[in-house]
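Heads up: the structure comes next, in structure tokens.
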Protein chains: 2
Amino acid sequence: MSEFEVAVGADLRSQAYFALAEAYNLLQLLMDEQLRRDGGVTYVQFVLLAQLAQAPQGRLRMTDLADTVLHSRSGLTYQATRLEAAGLLRRERSEEDERSVTAVITDEGRRRLEQVIPGHQAVVQAGMFDVLSDNQVKELAEKLDAIRTRLRSMVPSSAQRRRG
Amino acid sequence: MSEFEVAVGADLRSQAYFALAEAYNLLQLLMDEQLRRDGGVTYVQFVLLAQLAQAPQGRLRMTDLADTVLHSRSGLTYQATRLEAAGLLRRERSEEDERSVTAVITDEGRRRLEQVIPGHQAVVQAGMFDVLSDNQVKELAEKLDAIRTRLRSMVPSSAQRRRG
DNA sequence: TATTGTTATACTCTATAACTATA
DNA sequence: TATAGTTATAGAGTATAACAATA
């Protein structure tokens, strides 16, 4: 138990919370370095590319993408401009709704993603899973998934934030 | 299982990892808002104050504090200047080693911390623990702690980064 | 009128390297 | 020479509000 925990609460819940926070921050540090080294992309850009890669035809509407990655629309425009300049993504006007813009991952974007994923998974494996058994991983995943679902219901979407 | 997971790996480990990432990001969003609303401090500032509050006599050397919160020294100087201007922290030259500076939390800093902690704990409780039993919390804490310890051993300290 | 995306703008934060003082 | 902390600087990223185009 770290001393920080004593300040805010020495109970099990505080332990779980601070372990989560520190684990994620350390992981972020290692992942940022790996992604930059292996593919010249930031973590945010990696997440955006991965989101697009799995979407049908590699396409997502800008607003939906912003909601998915929890950023403002202007923030997404900023990142999309950078990814477009790097040739990893392109933007197309929608045909059904002329207001909408669809972000599409390019072939080069998919290649770049494949290029960084092995290193990314290696970091996650070494940092998180080498110290857990398969069954422990399963139990961890179940609990984190319950927490994630709960938190999703507590945070409004970017469209809702704009209105409210 | 989100579609993002499919892109990078649909296995249990990816599930655990992405659940961790999204849970922490959502939690961060909620905590930032709460801390700003209840006490006008950022999450980083909250962590710095909490670290000092629990240290002996509320004191820590700047470099040690930087290592604890995983920031560069210049980044810590920036935050310390802001916290000092807000009257929540003060800096003193060390008497043993004239090169060192000790950061000390002020009485007002402690009051501010007490002011935000209830809301902070409420957010954590609602977001993470209302969906878990006490035993599940215990199991979660154990696994996250193992991961944290592992990750700590993988990330060099700020002093080590400076040298290397 | 409401919604989509971009832009203008301003601000926060971070790190690197140079610098000062001390060990 | 090495270390502690600050500062100068520059850059990355973010969000809010105003805007143009479309529904």
Side-chain angles (χ1 to χ4, degrees), chain A residues 25 28-29 32-33 35-36 40-48 59-86 89-104 155-164, chain B residues 25 28-29 32-33 35-36 40-48 59-86 89-104 155-164:
Chain A
N25 285 328
Q28 186 85 282
L29 215 64
D32 270 340
E33 190 197 15
L35 290 169
R36 208 173 296 267
V41 292
T42 66
Y43 181 73
V44 168
Q45 291 168 346
F46 168 68
V47 171
L48 288 172
R59 310 166 66 82
L60 276 175
R61 207 173 62 122
M62 288 289 282
T63 295
D64 296 334
L65 189 51
D67 276 351
T68 307
V69 298
L70 297 172
H71 285 273
S72 68
R73 295 177 181 201
S74 66
L76 177 58
T77 295
Y78 173 83
Q79 292 293 349
T81 302
R82 310 214 120 216
L83 287 169
E84 205 164 37
L89 170 154
R90 66 172 187 280
R91 279 175 283 186
E92 298 177 356
R93 293 217 89 80
S94 166
E95 293 180 358
E96 310 102 45
D97 186 336
E98 292 268 321
R99 294 172 303 184
S100 289
V101 169
T102 303
V104 189
V155 175
S157 72
S158 87
Q160 287 171 328
R161 286 201 298 278
R162 193 182 209 189
R163 288 186 215 107
Chain B
N25 285 327
Q28 187 84 281
L29 215 64
D32 271 339
E33 190 198 15
L35 290 169
R36 208 172 296 267
V41 292
T42 65
Y43 181 72
V44 168
Q45 291 168 345
F46 168 69
V47 171
L48 288 171
R59 310 165 65 81
L60 276 175
R61 205 173 63 123
M62 288 290 281
T63 295
D64 296 335
L65 188 51
D67 277 350
T68 308
V69 298
L70 298 173
H71 285 274
S72 67
R73 296 177 180 201
S74 66
L76 177 58
T77 296
Y78 173 82
Q79 292 293 350
T81 303
R82 310 214 120 215
L83 287 168
E84 205 163 38
L89 170 154
R90 67 172 186 279
R91 278 175 284 187
E92 298 177 356
R93 292 218 89 80
S94 167
E95 293 180 358
E96 312 102 47
D97 185 338
E98 292 267 321
R99 294 171 302 184
S100 288
V101 170
T102 303
V104 189
V155 176
S157 73
S158 87
Q160 287 171 328
R161 286 199 300 277
R162 194 183 209 189
R163 288 186 216 106

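Labels below follow one simple rule: chain letters A, B, ... track the order of the sequence lines, proteins then strands, and each chain is numbered from 1.
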In whole angstroms, the gap separating C1' of D:dG13 from OH of A:Tyr43 amounts to 16 Å
**Prompt:** Looking for any heavy atom pair under 4.0 Å, which part of the strands does A:Ser100 touch: base, sugar-phosphate only, or nothing?
**Reply:** sugar-phosphate
Heavy-atom nearest pair, A:Ala66 first then A:Ser72, reads CB-O, 4.3 Å
A:Arg82 atom CZ is separated from C:dT6 atom P, nearest whole Å, by 15 Å
Assign A:Thr42 to base, sugar-phosphate, or nothing according to its heavy-atom contacts below 4.0 angstrom with the strands shown. sugar-phosphate
note: B:Leu48, atom CG; C:dT12, atom P; distance rounded to Å ~ 17 Å
To the nearest angstrom, the CG-P distance between A:Asn25 and C:dC13 comes to 15 Å
inquiry  = Is there a side-chain contact between A:Leu48 and A:Leu65 in this structure, where contact means two heavy atoms from C-beta onward sitting under 4.5 Å apart?
reply    = yes
Checking B:Thr81, B:Thr77, B:Thr102 against B:Arg91 for side-chain hydrogen bond (donor to acceptor under 3.5 Å, both in side chains), the one that qualifies is B:Thr81
Here the distance between atom P of D:dA20 and atom CZ of A:Arg93, to the nearest Å, is 15 Å
- Message: With a 3.5 Å distance limit and no angle check, can you tell me whether B:Arg90 reaches the backbone of B:Val104 through a side-chain donor-acceptor pair?
- Response: no
- Message: Tell me if the side-chain of A:Ser74 makes a donor-acceptor pair with the base of D:dT16, cut-off 3.5 Å, by modelled atom types.
- Response: yes
* To do: Would you tell me if any nitrogen or oxygen in the side chain of B:Gln79 comes within less than 4.0 Å of OP1 or OP2 on C:dT14?
  => yes
**Asked** So do A:Arg59 and A:Glu92 actually touch side chain to side chain, heavy atoms under 4.5 Å?
**Response** yes
Practice task
Could you tell me whether the phosphate oxygens of C:dT4, OP1 or OP2, come under 4.0 Å of any side-chain nitrogen or oxygen in A:Arg73?
Solution key: yes
Taken to the nearest whole Å, CZ/A:Arg99 to C1'/C:dT1 is 11 Å
Comparing A:Asp97 with A:Arg36, nearest DNA chain D nucleotide closer to 5' gives the residue A:Arg36
Taken to the nearest whole Å, OH/B:Tyr78 to P/C:dT16 is 17 Å
Rounded to whole Å, CG of B:Leu29 lies from C1' of D:dA15 at a distance of 12 Å
